[in-house]
Amino acid sequence: MTHKQEILFGSGACVAITVLLSLKLVRDHLTHWKKPKEQKAILVIILMAPIYAFTSYVGLLDIRGSETFFMFLESVKECYEGLVMAKFLALLYTYLNISITKNIVPDEIKGREIHHSFPMTLFQPHSVRLNHQNLKLLKYWTWQFVVIRPVCSVLMIVLQLLEIYPDWLSWTFTMILNVSVSLALYALVVFYHVFAKELAPHKPLAKFLCVKGIVFFCFWQGIVLSGLVAVGIITADHFWLDVSHIQQALQNALVIVEMVFFAGFQMYAYTAAPYKIDEVKEKKKE
């Protein structure tokens with residue numbers, strides 16, 4: 001077995017484990033389908049790990065693919081990432097019985113203080129009172145990434161196909177996406193801190209770490225690998241691969257391994273146990 005075959009075999013095994021763990025969790029929720037609004041959002045979040053693992057494995061299979069091909073795979077993952085963050089915020093709203101569209105904000109949480117930190121204090125007061133408008137603002141801060149990510153992806157792929165994609169433009173897109181994803185994550189962190197007490201029964205920190213962890217590792221390790229290539233630490237030691245393909249292979253391999261751990265962590269964070277308990281309680285009442 002060649003070195004490449006060993007990598008593909010090991011990566012394939014990791015993808016299989018990720019998919020099996022995620023499907024088991026999906027099955028548990030579908031078996032105990034008690035709160036559709038909550039569980040629909042949870043299913044979208046759960047599928048993030050297998051989607052990341054599978055698309056990264058496709059990238060390893062075609063290890064000498066074009067830059068446009070790799071960019072497309074990254075775009076699939078990151079566009080889904082934006083959807084997951086929006087669904088996570090929607091899940092928190094559901095837990096708190098908040099509806100932005102229907103202007104429903106429970107009276108007991110109105111007037112609560114939101115404390116902003118730097119650099120957001122350059123654009124927002126340090127402290128503001130919670131109301132419908134501020135909740136809507138947090139929602140917009142999260143949803144802007146859902147819009148910006150696919151728009152940037154389409155532009156990047158088109159420019160690659162037109163062969164108009166200099167390094168400075170690549171770094172410009174990277175900075176835009178960095179600011180966008182950071183703003184979305186910031187909105188989720190603020191929301192979590194404001195409602196930590198009410199959200200405590202739902203394991204909000206574990207749920208948030210699942211989302212933030214995948215976003216953090218995948219995004220920043222991509223930046224780190226790009227930096228290592230730029231300074232010459234990662235070089236083309238293999239005559240059949242250039243440095244950009246080595247970078248992509250490393251990124252994909254790391255993501256595949258990481259998704260096994262995240263799929264396992266999701267079994268705890270997004271367990272269907274609370275819905276099983278609700279089912280037992282309902283049967284006792286009957």
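Throughout, residue positions are numbered sequentially from 1 according to the sequence presented.
Heavy atoms only, all atoms of each residue included: Ile256 and Cys14 are closest at CG2-CB, 3.5 Å. Taking both residues in full, the closest heavy atoms of Ser11 and Leu60 are given as OG-CD1, 3.4 Å, listed atom of the first, atom of the second, then distance. Minimum interatomic distance between Leu185 and Phe208 (heavy atoms only, all atoms of both residues): O-CZ, 4.3 Å. Annotation for Tyr93 and Leu135: closest pair OH-O, 3.1 Å, computed over non-hydrogen atoms. Nearest heavy atom pair, residue Cys210 against residue Tyr270, reads CB-CE1, 3.9 Å. The two atoms that bring Val19 and Pro50 nearest to each other are CG2-CB, 4.1 Å, heavy atoms only.
Grouping Ile, Leu, Val, Met, Phe, Trp and Tyr residues whose side-chain heavy atoms lie under 4.5 Å apart, directly or via other members, places Phe261 in a hydrophobic cluster with Val257.
Here side-chain hydrogen bond (donor to acceptor under 3.5 Å, both in side chains) pairs that include residues 186-197, with residues two or more places apart or in two chains, are His116-Tyr186. Sorted by first and then second residue, the pairs that involve residues 40-58 and meet side-chain hydrogen bond (donor to acceptor under 3.5 Å, both in side chains), not counting sequence neighbours, are Tyr52-Glu81, Ser56-Lys77.
With hydrogens and angles ignored, the 3.5 Å screen pairs no side-chain donor or acceptor of Lys139 with any backbone N or O of Leu89.
For Lys87, the salt bridge (Lys or Arg N to Asp or Glu O under 4.0 Å) test picks out no residue, with sequence neighbours left out. Residues satisfying the salt bridge (Lys or Arg N to Asp or Glu O under 4.0 Å) criterion with Lys24, sequence neighbours excluded, are Asp28.
Residues Lys35 and Thr94 fail the side-chain proximity criterion, which asks for heavy atoms closer than 4.5 Å. Taking the side chain as every heavy atom from C-beta outward, Tyr80 and Leu47 approach each other to under 4.5 Å. The side-chain heavy atoms of Val255 and Gln221, taken from C-beta on, include a pair separated by under 4.5 Å. Residues Ile214 and Glu258 fail the side-chain proximity criterion, which asks for heavy atoms closer than 4.5 Å. Residues Leu209 and Phe265 are in side-chain contact: their nearest non-hydrogen atoms beyond the backbone lie under 4.5 Å apart. Inter-residue side-chain proximity for Leu199 and Lys207 is flagged as unmet; no heavy-atom pair is nearer than 4.5 Å. Between Leu183 and Met120, some side-chain heavy-atom pair lies under the 4.5 Å cut-off.
Atoms CG and CD1, on Leu21 and Ile46 in that order, are 11.5 Å from each other to the nearest 0.5 Å. Between atom CZ of residue Arg27 and atom NE2 of residue His32 there is a gap of 8.5 Å, rounded to the nearest 0.5 Å. Separation of atoms OG (Ser75) and CD1 (Ile157) is listed at 4.0 Å; rounding is to 0.5 Å. With values rounded to the nearest 0.5 angstrom, Leu30 atom CG is found 5.5 Å from Leu43 atom CG.
Counting heavy atoms of neighbouring residues, nucleotides and ligands inside a 6.0 Å radius, atom OH of Tyr95 exceeds 12 of them.
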Below 3.5 Å, can you tabulate the donor-acceptor pairs from side chains in residues 140-147 to any protein atom, sequence neighbours excluded?
residue : atom : partner : partner atom : Å
Thr142  : OG1  : Leu138  : O            : 3.1
Gln144  : OE1  : Ser180  : OG           : 2.7
Gln144  : NE2  : Trp141  : O            : 2.8
Gln144  : NE2  : Ser180  : O            : 2.7

| query | What do the steps show when you test Met48 against Phe262 for side-chain contact (heavy atoms from CB on, under 4.5 Å), and what is the final call? | reply | CA-CA 10 Å; Met48 188 179 187; Phe262 280 111; over 6 Å; no

